[in-house]
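Since the structure comes first, as structure tokens, the remarks are kept for the end.
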Amino acid sequence: MTENMENIKFPAWQLDASTPDEYHCCEMRRGREFLVRMMTGADPSLAIARFAKENNIRFGKVHATFMGGFQPCKYYVWIPDYKDPENWHREGVAVNTNLTMLTSIGGMIGERPLHDGSGKTEPFVAMHFVAGGGWDAPTITGHLVEGTLVKGCMQVFITELLDIDVLAPIDVVHDPEYGYPENFYYNTKQGKPQD
């Protein structure tokens, strides 16, 4: 971090829960609905980001996949941080080169700032998946990353989400390399919260 985070007042949505039943929500409405198809050699993260950009989708959900597999499959998994055992959210890329059958995927399309100082944004796709099913491929799961390639045919539904905008984490304001996609959202018709 670029400065001491202990002296920063975080908004309620970014703090640990104060009670077991605490939650935060953002109401939105559905926009357009799409069925997106990708064939062998397509990278789902790149293809869906391109789709979002070309269709002017700022926010959306990726859901209800069917058909297809991955080869290779690249994904984030949590890994131990031996220097800081309290760092439970450290991630590293795992790679499975065996053919896997995709059984479930869910995620979202959001936006993140470009790191060129322009103040512009780009679509960002965050997806978690479950795959496996091959005789030599155990069930694997995690956060799908670029470099994963479709084998066969993969289709997903994409639902555009309207009336929402981003609340960037305080961490991102002070260190732009940290935090995405761990932002939250607010309903634009209700106005930005004064947290």
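Numbering starts at 1 and runs along the sequence shown.
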Legend entry - Beyond-backbone contact of Phe70 with Leu149, side-chain heavy atoms, under 4.5 angstrom: no

Legend entry - Test side-chain hydrogen bond (donor to acceptor under 3.5 Å, both in side chains) applied to Glu54 - qualifying residues, sequence neighbours left out: Arg50

Inset, instruction - Look at atom CD of Glu27 and say whether more than 12 heavy atoms of other residues, nucleotides or ligands are closer to it than 6.0 Å. - result: no

Legend entry - Candidates Ile140, Thr139, Val130 - the one meeting side-chain contact (heavy atoms from CB on, under 4.5 Å) with Thr100: Ile140

Legend entry - Residue pair Leu161 / Tyr185, side-chain heavy-atom distance below 4.5 Å: no

Inset, instruction - Start with the C-alpha gap between Val156 and Met127, add the side-chain angles, then the distance that decides, and say whether side chain to side chain contact (heavy atoms under 4.5 Å, CB included) holds. - result: CA-CA 11 Å; Val156 295; Met127 296 180 288; 6.0 Å; no

Legend entry - Least distance between heavy atoms, Asn56 atom then Glu160 atom: O-OE2, 4.0 Å

Inset, instruction - Take atom CZ of Arg30 as the centre, draw a 6.0 Å sphere, and report whether it contains more than 12 heavy atoms from other residues, nucleotides or ligands. - result: no

Inset, instruction - State, yes or no, whether a side-chain contact exists between Cys73 and Asn98 at a heavy-atom distance under 4.5 Å. - result: no

Legend entry - Joint cluster assignment, Ile48 & Phe124, ILVMFWY side-chain distance < 4.5 Å: no

Inset, instruction - Assess whether side chain to side chain contact (heavy atoms under 4.5 Å, CB included) is satisfied between Phe51 and Met38, documenting all intermediate values. - result: CA-CA 11 Å; Phe51 165 82; Met38 294 157 276; over 6 Å; no

Inset, instruction - Answer whether the closest heavy-atom distance between the side chains of Pro11 and Leu167 falls below 4.5 Å. - result: no

Inset, instruction - May I ask you to test the Val145-Ser45 pair for a side-chain heavy-atom distance under 4.5 Å? - result: no

Inset, instruction - Could you give me the CA-CA distance, side-chain angles and deciding distance for Ile109 and Phe59, then say whether side chain to side chain contact (heavy atoms under 4.5 Å, CB included) is met? - result: CA-CA 5 Å; Ile109 297 167; Phe59 304 102; over 6 Å; no

Legend entry - Short side-chain to backbone donor-acceptor contact, Asp163 and Thr188, under 3.5 Å: no

Legend entry - Close side-chain approach of Asp165 and Arg58, heavy atoms under 4.5 Å: yes

Legend entry - More than 12 heavy atoms from other groups under 6.0 Å of OH on Tyr76: no

Legend entry - For the student: nearest non-hydrogen atoms of His143 and Ala126, plus distance: CE1-CB, 3.9 Å

Inset, instruction - Just grab all the salt bridge (Lys or Arg N to Asp or Glu O under 4.0 Å) pairs involving residues 70-84, residues at least two apart or on different chains. - result: none

Inset, instruction - May I ask you to test the Thr141-His128 pair for a side-chain heavy-atom distance under 4.5 Å? - result: no

Inset, instruction - With sequence neighbours excluded, tell me which residues meet side-chain contact (heavy atoms from CB on, under 4.5 Å) with Lys53. - result: Pro123

Legend entry - Over all atoms of both residues, closest heavy-atom pair of Ala49 and Val125: N-CG2, 3.6 Å

Inset, instruction - I would like to know whether Tyr186 and Ile164 meet side chain to side chain contact (heavy atoms under 4.5 Å, CB included); could you show each step before the answer? - result: CA-CA 5 Å; Tyr186 68 96; Ile164 67 168; over 6 Å; no

Legend entry - Heavy-atom check, side chain of Met154 versus side chain of Ile105, under 4.5 Å: yes

